[in-house]
Amino acid sequence: MPELPEVETIARAIEPDIVGRTIVSAEVLWARTLATPSVKKFKEQVQGQKITGVSRRAKYLILQLEDYNLLIHLRMSGDLTIRKGKIKPEKHDRLVLSLRSKNGKESQLAFNDTRKFGRIWLTDQPETILGKLGPEPLEKKFTAQWLFENLHKKKRQLKPLLLDQTFLAGLGNIYTDECLHMAKLHPLGLSNAISRKQAGALSEAIQSALKEGIRRNGASIDWVYRGGEYQNYFRVYDREGKPCPVCGAEIQKLIVGQRGTHVCPKCQPLERK
DNA sequence: CCTGAAACCTGTCTGC
DNA sequence: TGCAGACAGGTTTCAG
């Protein structure tokens, strides 16, 4: 499910329900969910910590605790939900934090992750994990100029490069297809062949696709539903065989960097190779 | 440096 | 109906 707009949506949704609460205990139902530290240390260290803030960097959710940061990466199928009271874990719950508010109300923050790819880190050195990420596409460091210069430092296929979180942070398979279509660029185009004008169009497209995703509370597909609506506005993603909203040509599906990739053959021509 | 393949997992859908 | 195979929003690691 989660790319930048979905993670942002979840961060905003859970923030009011968890900030100010104290973690009473932790239940770890799938040990490998914990990237660091060990289950034993995790339980000891997290217990008694008050949650002081919630934020997002790239696709990581960050729960700020008094003495640590709790980093959560949802990967393919992870989700976070708040449950009131004391209840049994649900199917596919991998880690559950029991919380208590000032007035003694109990609730739980559950990390549910069907495919078990998600990871959680408890650390006082978040930079060791977040430090290698590229810029946030919605922050001021990310400009048309920055994008042009950095695309030209590499000679890589556009789509895999945009998916590379050390290059730019937050895009995933859906939003990359959408923004390449908006910018009329082919996913297999080479990064160093992009003109200034194309880089400008791409930077605009990236920001507008992500902002639209956030505005619509992300995309909800399959079994994960958060009330997001962006899936109803896909231009190319998951629309193989359907008409391009711009020119009416049939959307084609191909594989790029092992990922299903959707393009309009007319709007996004591939110039040679 | 760049690309592609495989691995990590479970569930759903498609085609025979 | 059953079953094999493909595929799914992400990332890491390895081979060439």
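Lettering of chains follows the sequences in order, A, B, ..., and the numbering in each one begins at 1.
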Checklist entry - Base, sugar-phosphate alone, or nothing: which one does A:R32 contact when heavy atoms must sit under 4.0 Å apart? => result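 The residue A:R32 makes sugar-phosphate contact but no base contact.
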
Next on the checklist: Taking any heavy-atom pair under 4.0 Å as a contact, classify A:Y237: base, sugar-phosphate, or nothing.
Outcome noted: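 Sugar-phosphate contact only - A:Y237 comes under 4.0 Å of backbone atoms but never of a base.
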
Next on the checklist: Check for me: is A:F117 stacked on B:dC9 by the 5.5 Å centroid and 30° plane-angle rule?
Outcome noted: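 By the stated criterion, A:F117 and B:dC9 do not stack.
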
Any side-chain N or O of [X] below 4.0 angstrom from OP1/OP2 of [N]?
{"X": "A:K91", "N": "B:dT10", "value": "no"}
{"X": "A:H92", "N": "B:dC9", "value": "no"}
{"X": "A:K159", "N": "B:dG4", "value": "no"}

Next on the checklist: Is it the case that over 12 heavy atoms from other parts of the model lie below 6.0 angstrom from the CD atom of A:Q64?
Outcome noted: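 Yes - once you tally the heavy atoms of other residues, nucleotides and ligands closer than 6.0 Å, there are more than 12.
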
Checklist entry - Is the shortest side-chain N to carboxylate O distance from A:E136 to A:R57 below 4.0 Å? => result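 Yes, A:E136 and A:R57 are salt-bridged.
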
Next on the checklist: For A:D79, is there an ion pair with A:R94 - N to carboxylate O distance below 4.0 angstrom?
Outcome noted: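 No, no charged N to carboxylate O under 4.0 Å.
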
Checklist entry - When you check the side-chain N and O atoms of A:Q49 and A:D67, is any donor under 3.5 Å from an acceptor? => result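 Present: a donor and an acceptor within the cut-off.
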
[N] to [M] separation - [atom1] atoms, rounded to the nearest Å:
{"N": "B:dC9", "M": "C:dC3", "atom1": "P", "answer": "25 Å"}
{"N": "C:dG9", "M": "B:dT3", "atom1": "C1'", "answer": "23 Å"}
{"N": "B:dT12", "M": "C:dT11", "atom1": "C1'", "answer": "23 Å"}

Checklist entry - Which of these nucleotides, B:dG4, B:dC9, B:dC2, is closest to any side-chain atom of A:K116? => result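 Per side-chain heavy atoms of A:K116, the pick is B:dC9.
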
Could you list the donor-acceptor pairs under 3.5 angstrom formed by side chains in residues 29-47 of chain A, with sequence neighbours left out?
unit_1: A:T33; atom_1: OG1; unit_2: A:W30; atom_2: O; d: 3.2
unit_1: A:S38; atom_1: OG; unit_2: A:K41; atom_2: N; d: 3.2

Checklist outcome for this item: DNA chain B in dot-bracket form (Watson-Crick or G-U pairs under 3.5 Å, [ ] crossing, | inter-strand) is .|||||||.|||||||

Could you tell me how far apart [X] ([atom1]) and [N] ([atom2]) are, to the nearest whole angstrom?
{"X": "A:K155", "N": "B:dT3", "atom1": "NZ", "atom2": "P", "result": "10 Å"}
{"X": "A:D113", "N": "C:dA8", "atom1": "CG", "atom2": "C1'", "result": "13 Å"}
{"X": "A:E240", "N": "C:dC7", "atom1": "CD", "atom2": "C1'", "result": "12 Å"}
{"X": "A:L162", "N": "B:dT3", "atom1": "CG", "atom2": "P", "result": "12 Å"}
{"X": "A:M76", "N": "B:dA7", "atom1": "CE", "atom2": "C1'", "result": "13 Å"}
{"X": "A:F234", "N": "C:dA8", "atom1": "CZ", "atom2": "C1'", "result": "13 Å"}
{"X": "A:R115", "N": "B:dC9", "atom1": "CZ", "atom2": "P", "result": "11 Å"}
{"X": "A:I255", "N": "C:dA8", "atom1": "CD1", "atom2": "C1'", "result": "11 Å"}

Next on the checklist: Tell me whether A:Q258 contacts the main-chain N or O of A:I255 through its side chain, where contact means a donor paired with an acceptor under 3.5 Å.
Outcome noted: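 The answer is no, because no donor-acceptor pair under 3.5 Å joins these two groups.
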
Checklist entry - Can you check whether A:W146's main-chain N or O pairs, donor with acceptor, with A:N150's side chain at less than 3.5 Å? => result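 Yes, the answer is positive, given that a donor and an acceptor are paired below the 3.5 Å cut-off.
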
Would you list the protein and nucleotides 11-15 of chain C atom pairs, both N or O, that sit under 3.5 Å from each other?
unit_1: C:dT11; atom_1: OP1; unit_2: A:H73; atom_2: NE2; d: 2.7
unit_1: C:dT11; atom_1: OP2; unit_2: A:K59; atom_2: NZ; d: 2.8

Output side-chain donor-acceptor pairs under 3.5 Å for residues 168-178 of chain A, partner residues at least two apart or in another chain, one line each.
unit_1: A:N173; atom_1: OD1; unit_2: A:K159; atom_2: NZ; d: 2.6
unit_1: A:N173; atom_1: ND2; unit_2: A:G260; atom_2: O; d: 3.0
unit_1: A:Y175; atom_1: OH; unit_2: A:E6; atom_2: OE2; d: 2.8
unit_1: A:T176; atom_1: OG1; unit_2: A:G172; atom_2: O; d: 2.6
unit_1: A:D177; atom_1: OD1; unit_2: A:K159; atom_2: NZ; d: 2.7
unit_1: A:D177; atom_1: OD2; unit_2: A:H262; atom_2: N; d: 2.9
unit_1: A:D177; atom_1: OD2; unit_2: A:H262; atom_2: ND1; d: 2.8
unit_1: A:E178; atom_1: OE1; unit_2: A:R235; atom_2: N; d: 2.7
unit_1: A:E178; atom_1: OE2; unit_2: A:R235; atom_2: N; d: 3.2
unit_1: A:E178; atom_1: OE2; unit_2: A:V236; atom_2: N; d: 3.0
unit_1: A:E178; atom_1: OE2; unit_2: A:Y237; atom_2: N; d: 2.9

Checklist entry - What ring pair (Phe, Tyr, Trp, His ring centres under 6.0 Å) pairs are there with at least one residue in residues 63-110 of chain A, not counting sequence neighbours? => result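 Sorted result for residues 63-110 of chain A: A:Y60-A:H73.
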
Checklist entry - Among all residues two or more places apart in sequence or in another chain, which pass the salt bridge (charged side-chain N to carboxylate O under 4.0 Å, His left out) test with A:R100? => result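 Only A:E106 meet the salt bridge (charged side-chain N to carboxylate O under 4.0 Å, His left out) criterion with A:R100.
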
